[in-house]
Amino acid sequence: MFKFVYMDNDQCSVAFEIKYSGSLFFCEALLQAYSYRVYFNNRYMADMEYDAGAGWIQTNGTLLPAATIEEIGAHIDGQLD
């Protein structure tokens with residue numbers, strides 16, 4: 001498993017491997033103005049944002065299982081610490 005953070009022109013991303021639907025994917029979460037745009041193997045999957053009352057929530061895209069949203073959120077949180 002690997003992680004990296006890439007910062008260029010105020011663009012921040014978090015990247016890691018994730019298992020989804022029985023397959024391993026390269027997941028990248030790109031920081032947007034108020035959310036993260038999530039890609040699996042360079043394919044757009046979802047937008048996510050943090051809600052103080054509900055934690056990480058999906059706001060757009062392919063419906064992902066709650067456990068997947070939580071896992072992605074945990075990786076993002078890990079980079080912010």
Side-chain angles (χ1 to χ4, degrees):
M1 182 153 89
F2 60 90
K3 289 186 184 182
F4 67 86
V5 176
Y6 176 75
M7 293 185 197
D8 183 29
N9 300 329
D10 296 324
Q11 179 90 14
C12 178
S13 69
V14 177
F16 51 92
E17 290 180 332
I18 191 168
K19 192 167 190 173
Y20 170 72
S21 197
S23 297
L24 196 59
F25 290 89
F26 172 75
C27 179
E28 186 173 24
L30 297 173
L31 179 62
Q32 304 296 303
Y34 299 102
S35 64
Y36 282 86
R37 182 151 286 184
V38 178
Y39 296 87
F40 286 6
N41 291 347
N42 295 319
R43 181 175 163 242
Y44 171 75
M45 290 298 286
D47 289 331
M48 293 176 44
E49 61 185 52
Y50 187 79
D51 178 277
W56 286 99
I57 59 170
Q58 181 177 348
T59 58
N60 197 13
T62 302
L63 187 59
L64 298 173
T68 301
I69 296 297
E70 290 174 14
E71 183 177 350
I72 295 167
H75 281 283
I76 294 169
D77 288 341
Q79 291 302 314
L80 298 176
D81 292 338

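For the side-chain hydrogen bond (donor to acceptor under 3.5 Å, both in side chains) test, residues two or more places apart in sequence or in another chain that qualify with Tyr44 are Asp47. Taking Asp51 as the reference, Ala54, Ile57 meet the side-chain contact (heavy atoms from CB on, under 4.5 Å) condition, with sequence neighbours excluded.
Within the structure, the salt bridge (Lys or Arg N to Asp or Glu O under 4.0 Å) test picks out no pair touching residues 54-71 (sequence neighbours left out).
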### Message
Working note: Leu30 + Tyr39, criterion side-chain contact (heavy atoms from CB on, under 4.5 Å); need CA distance, chi angles, decisive distance, verdict.
### Response
CA-CA 8 Å; Leu30 297 173; Tyr39 296 87; 3.5 Å; yes
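Of the options Ile72, Leu63, Thr68, Thr62, a side chain to side chain contact (heavy atoms under 4.5 Å, CB included) to Met45 is made by Thr62 and by none of the others.
Separation of atoms CZ (Phe25) and CD (Glu17) is listed at 12.0 Å; rounding is to 0.5 Å. The structure places CD1 of Ile18 at 11.0 Å from CG of Asn41, a figure rounded to the nearest 0.5 Å.
With hydrogens and angles ignored, the 3.5 Å screen pairs a side-chain donor or acceptor of Gln58 with a backbone N or O of Asn60.
Annotation: side chain of Tyr50 is not in contact with side chain of Ile76 (no heavy-atom distance under 4.5 Å).
Taking both residues in full, the closest heavy atoms of Gly73 and Met48 are given as N-CE, 3.8 Å, listed atom of the first, atom of the second, then distance.
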